[in-house]
Amino acid sequence: MWDVRTRAGKYAEGQKFPLILGTDGSGVIAEVGAQVKRLKRGDRVYAYSYDNEKGGFYAQYVAVAASKVAPIPRTLDMLNAGGLATIGLTALQGVDDTLEIKPGEYVIVHGASGNVGMLALQFARLRGARVLATASGSDGVELVRRLGAHAAIDGKHDDVLAAAREFAPDGIDVVLAFAGGKELTRCLDALRKGGRAAYPNGIEPEPRKRKGIRIKSYDGTPGVREFERLNRAVEEADLQVPIAAGFKLEEARDAHRTMEKGHIIGKVVFSRAGHSRARLRPSRRSERSLM
Ligand SMILES: NC(=O)c1ccc[n+]([C@@H]2O[C@H](COP(=O)([O-])OP(=O)(O)OC[C@H]3O[C@@H](n4cnc5c(N)ncnc54)[C@H](OP(=O)(O)O)[C@@H]3O)[C@@H](O)[C@H]2O)c1
C-alpha cells in the first residue's frame with residue numbers, strides 16, 4: 001500500500017515526480033563501490049531502499065547503500081526475501097526492541113494478517129510468547145492459524161475483549177498493533193495493569209495514552225546489525241513470507257489496482273516469472289519433524 005499511496009502523491013512533500021517506486025527487493029549484486037568489503041559481485045541479496053534518491057525497485061538495476069543490503073537468509077528464496085526488508089525489520093524491532101517480549105507472555109498481535117503483522121506473529125512465537133492474533137476476515141484468520149497463532153479471531157467482527165479474557169484470564173501482558181481504531185482500544189482494555197503496548201508510526205487513528213500501561217510508537221530501522229539480527233531470527237523461526245500475488249514489472253498498473261482494492265492477504269510482488277498464485281510453502285521445521 002505504501003507504493004500505492006506514494007504514487008497517488010500522499011507523501012508528495014519532499015518527493016519529486018517522476019520517481020521510481022519500490023522500497024523492498026532482492027536480486028544479484030551487479031557491482032559494489034570501492035569501499036564495500038562485506039558484499040561482492042554475484043552475491044544473492046535483499047535490500048531496503050526507502051527514501052532512495054536514486055530510485056526504488058521497480059527497475060532492472062537499483063543502487064542501494066551497502067548498509068541497507070543483506071545476504072538472503074538460508075531459509076528463504078529470492079521471491080520471498082524480496083518482500084522481507086521493511087516488514088521484517090519493523091516486525092522484529094517491535095517484538096524485541098520496543099516490547100522486549102519474553103517467553104510465556106500473553107500477547108495480542110492486532111492486524112496479524114497484514115504484512116508486518118504476519119511476521120510479528122511468527123517472531124513473537126519464536127520468543128516463546130502465547131499469541132492471540134486478531135486478523136481480518138476468515139481468510140486472514142486461516143492464514144494466522146497456519147502461521148502458528150495459539151488463538152485467532154476476526155478482529156473486525158468478533159469480540160476481542162471476550163476472546164482475550166478466555167485466552168488469558170489474568171490479563172494480556174502485551175499488545176503489538178498494526179491497525180488503529182476502536183478495536184485496538186478493545187485490545188488495550190484487555191491488558192493487565194502494568195501491561196505494555198506498541199505500534200509502528202503510521203497506524204490510524206493512534207491510541208490515546210492511558211494510566212497504568214506503557215504505550216510506545218516506533219519506526220523500523222535498517223542497518224548492518226539490524227539485518228544480521230533479522231536474518232538470524234528469520235532462520236531460527238523458519239519464517240514464512242506469504243505471497244498474495246505476483247506480477248511482471250510491466251503489469252505494475254494491474255498490481256496497483258489489486259492493492260487499491262484492499263484486503264490483501266500476503267505480499268504483492270514483482271518477478272520475471274510474473275503471475276504466481278497465493279502460496280505458503282510447507283515449513284521446513286514441519287517437514288523435518290515428519291521425518
Ligand atoms: N513506521 C514504520 O517504520 C512502519 C513500517 C511499516 C509499516 N508501518 C505502518 O504499520 C501499519 C501496518 O503496516 P502493514 O504494511 O502491515 O499494513 P497492512 O498490510 O495493511 O496491515 C494492516 C492489517 O490490519 C488489518 N486490520 C484492520 N483492522 C483490523 C481489525 N479491527 N482487526 C484485525 N485486523 C485488522 C487489515 O485488514 P484489511 O486490509 O482487510 O482492512 C490489514 O490486514 C501501517 O499503518 C503502516 O503505515 C510503519
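All ligand and atom numbering here is 1-based and tracks the order in the structure.
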For Ile87 and ligand 1, does the shortest N/O to N/O distance drop below 3.5 Å? no
How far is atom 22 (C) of ligand 1 from its nearest protein heavy atom, and which residue and atom is that? Phe178 O, 3.5 Å
Does atom CD (Glu204) have a neighbourhood of more than 12 heavy atoms from anything else shown, all under 6.0 Å? no
Decide if atom CZ of Arg7 counts as having more than 12 heavy atoms of other residues, nucleotides or ligands within a radius under 6.0 Å. yes
His110 contact mode with ligand 1 (heavy-atom cut-off under 4.0 Å): side chain
For the pair Lys102 and Asp173, find out whether any cationic side-chain nitrogen is under 4.0 Å from an anionic carboxylate oxygen. no
Surrounding CD of Glu228 (heavy atoms of other residues, nucleotides or ligands, distance under 6.0 Å), is the total greater than 12? yes
Look at the aromatic rings of Tyr11 and Trp2 and report parallel, tilted or perpendicular, splitting at 30° and 60°. parallel
Is any side-chain heavy atom of Val131 closer than 4.5 Å to one of Val144? no
At a non-hydrogen distance cut-off of under 4.0 Å, which region of Ala112 contacts ligand 1 (side chain, backbone, both, or neither)? neither
So for atom OH, which belongs to Tyr61, do other residues, nucleotides or ligands contribute more than 12 heavy atoms lying within a distance under 6.0 Å? no
Which atoms from ligand 1 have a heavy atom of Tyr218 less than 4.0 Å away? 1 (N)
If you have a sec, work out which protein heavy atom is nearest atom 48 (C) of ligand 1 and how many Å separate them, to one decimal? Asn201 O, 3.0 Å
Do Glu206 and Tyr199 have a side chain donor and acceptor closer than 3.5 Å? yes
Please lay out, stage by stage, how Ile153 and Val141 fare under the test side chain to side chain contact (heavy atoms under 4.5 Å, CB included). CA-CA 6 Å; Ile153 58 164; Val141 168; 5.8 Å; no
Protein heavy-atom partner closest to atom 16 (O) of ligand 1 - residue, atom, separation in Å: Val116 N, 2.8 Å
I'd like to check which ligand 1 atoms, numbered from 1 as shown, lie under 4.0 Å from a non-hydrogen atom of Thr134. 32 (N), 33 (C)
Kindly confirm or rule out an N or O of Gly202 lying under 3.5 angstrom from an N or O of ligand 1. yes
Looking only at non-hydrogen atoms, which of Ala179, Gly266, Gly140 approaches atom 26 (N) of ligand 1 most closely? Ala179
Short check: is a protein heavy atom less than 4.0 Å from atom 32 (N) of ligand 1? yes
heavy-atom search around atom 17 (O) of ligand 1 in the protein gives Asn115 N, 4.5 Å
Answer with side chain, backbone, both or neither: which part of Lys156 has a heavy atom less than 4.0 angstrom from an atom of ligand 1? both
Drop me the distance from Leu143's CG to Ser113's OG, to the nearest 0.5 angstrom. 7.0 Å
heavy-atom search around atom 36 (C) of ligand 1 in the protein gives Ser136 CB, 4.3 Å
Rounded distance (nearest 0.5 Å) linking atom NZ of Lys68 with atom OH of Tyr50: 10.0 Å
Using a 4.0 Å cut-off to any heavy atom of Gly220, which atoms of ligand 1 qualify? 2 (C), 3 (O)
Does Phe57 have its ring centroid less than 6.0 Å away from the ring centroid of Phe270? no
Run down the list Ala91, Ala133, Gly114, Gly155 and name the one with the heavy atom closest to atom 42 (C) of ligand 1. Gly114
Identify the protein heavy atom lying closest to atom 5 (C) of ligand 1, giving its residue, its atom name and the separation to 0.1 Å. Thr90 OG1, 3.4 Å
Output yes when the distance from some N or O of ligand 1 to some N or O of Gly117 is under 3.5 Å, and no in every other case. no
Among Asp96, Ile101, Leu230, which residue meets the side-chain contact (heavy atoms from CB on, under 4.5 Å) test with Phe123? Leu230
Supply the atom-to-atom distance Met1 CE to Glu260 CD, rounded to the nearest 0.5 angstrom. 7.0 Å
Protein heavy atom at shortest distance from atom 24 (O) of ligand 1: Gly111 CA, 3.6 Å
Is the closest heavy atom of Met118 to ligand 1 under 4.0 Å? no
Under 4.0 angstrom from ligand 1, any heavy atom of Ala135? yes
I need the atoms of ligand 1 closer than 4.0 Å to a non-hydrogen atom of Ile203, numbered in the order shown. 11 (C), 45 (O)
So, is His263 polar-close to ligand 1, with some N/O to N/O distance under 3.5 Å? yes
